[in-house]
Amino acid sequence: MISPIPLPCLWLATVAVFTAGVGLAEPLDFGDHTSATLTGKAWKALGEQRYDDALAYTGKCRELYMAEALKQQAALTDFVPAEKAHDSWALNDVGTCLFIEGQVLEKHDKPKAAATYRELATALKFCQCWDPKGWFWRPAEVAAEKVKQLQFDAKLE
Amino acid sequence: MRIEGTTETGYELIRDGRPFVIHGVGGTARLDVLAACGGNTVRTWDAETALATVDGRTLLEQAHDAGITVTVGLWLEHERHGFRYDDAARVAAQRKRVEEAVRRIKDFPALLTWGLGNEMEGPTGRGDREAVWKEVELLARRIHAIDPNHPVMTVVANVNPDKVRAIREHAPSIDILGVNAYAGAAGVGNALRRMGWTKPYCVTEYGLPGPWEVDQTDWRAPIEPTSRRKAGFYNVATTDILADTKQCLGAYAFLWGSKQEATASWFGMLLPSGEKTIAADAMAEAWTGSWPNNRAPILGDTRVPLANRRVKTATTFDVLAPYHDPEGDALRYYWEVRRESTDRREGGDAERVPEEVPKCIVRADDSGNATIRVPSAPGAYRLFVTVRDGKGSGCIDNWPFFVEL
């Protein structure tokens, strides 16, 4: 299914609302199943430390939109300018979901987190994510740094 | 000391006839430990620090004894602190101070380069004020006239196109652009090239993301990366920066020492008591490819249920923060609760250390277990743990929490 609404990933990379009620179960709800909805729900779940839910949303986004994301990536030779970034909606949302997935996996499975970040950094390298502070950031570039940091961390063991 | 090369061939700093890559830190503590870790230079922010004496020896002499060079800062006043670059009398007094410092220091063998100013364009904004950069140009020329043997670097707070253009246009006598950058340090070279900077550069402050760049709790307390994570930031950033062997002369990591900036532990690679931490070990690995002797304790999986949470007054929590020592040294744990800092400044200005709250540690053992009773007074706090191996290495971590009725 292709998202009928090519929304950008209007979600802050650094969502972190910590309250006494974190981690409480909330029924999974894929909403309208658009990539934007799934990405938004994944960010929210990550911020609320509902890690299994976050993985469920990112997994669904992958399942539904990875093929389109790869197609959009293959059509690019560089980052698209900000005013056209929304055209790459699947690339942006799936890339962001992989980033969220990496964030969750870092907490309990660092090798798997590194593999996810590596996939993002290589397969979806032109994805962009809107930060409400007013700019697009590049999840694949951050993921590439994360891979190096996890490689260093492995040396500590 | 000289710079050789061109934009096309790449630049090198030459010292005693040999290429010198800056493996540096900001700060002046424990130069012996720095040298043992593979560091070769320190940076000061002012000339007074370079001339300050311990046991009758200046920092420049102590550094030379340890095989360490010094980029000596020549402090230039900031307009955000009330200075005006259009106030002729104050500008003249500053010129006199800078010139006197150069005359006093220029012949010390440990001197590597001059660091003319630090973020005097302001830590925020475009940083393109003409009066500032014209004054930097005048001073750079005078320094070259007094001391033709050491390059002049000016240091800015990150870069943007307006700032770089202003420096290129108004301060062409600058030899090296020093850039203070934190989360984006590895991208400084590419950013400078995009902005048309063709001379050498040095990353003059970097390390881990600053308190202004990280996630916050819902009461706006920045969440400090763990000591283990910090080590990763330092190691990867250093490796990435030094990979630009064409235009980058090296880098100074922040901070070789300890200071209160948001917390008492955010940027320090040493404990306040002088032990090196895992961040210092990470620097050594990046500089030399191997670990130093007697590595610092490494944080394992933690269980700190009050971390980043709102908790009820006077409740107790069992926490676990286990460290392991690579050499198997016995570790001593010291837990403490401090109020969240309220004296937050910008641009690295000095902040007061919040007071310790007594009677919060119910019990603690040497395996990383502790029972914490949170303070009875509502407010924002942090739980700190400091771990020492008794042989010169240690670590510190902290977790914010908020007490409410």
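Letters go in sequence order (proteins before strands), and every chain restarts at 1. Everything numeric in this text was worked out from a predicted model, so none of it was measured.
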Under a 4.5 Å heavy-atom cut-off, does chain A meet the side chain of [X], its backbone, both or neither?
| X | result |
| --- | --- |
| Phe233(B) | both |
| Ala237(B) | neither |
| Ala231(B) | both |
| Asp240(B) | side chain |

Do [Y] and [X] meet the salt-bridge criterion of a basic N to acidic O distance under 4.0 Å?
| X | Y | answer |
| --- | --- | --- |
| Glu141(A) | Lys125(A) | no |
| Glu275(B) | Lys391(B) | no |
| Lys146(A) | Glu106(A) | yes |

Donor-acceptor list for residues 150-157 of chain A side chains, cut-off 3.5 Å, not counting sequence neighbours:
unit_1, atom_1, unit_2, atom_2, d
Asp153(A), OD1, Arg228(B), NE, 2.7
Asp153(A), OD2, Lys110(A), NZ, 3.1
Asp153(A), OD2, Arg228(B), NE, 3.4
Asp153(A), OD2, Arg228(B), NH2, 3.0
Lys155(A), NZ, Glu285(B), OE2, 3.0
Glu157(A), OE2, Arg228(B), NH1, 3.4
Glu157(A), OE2, Arg228(B), NH2, 2.3

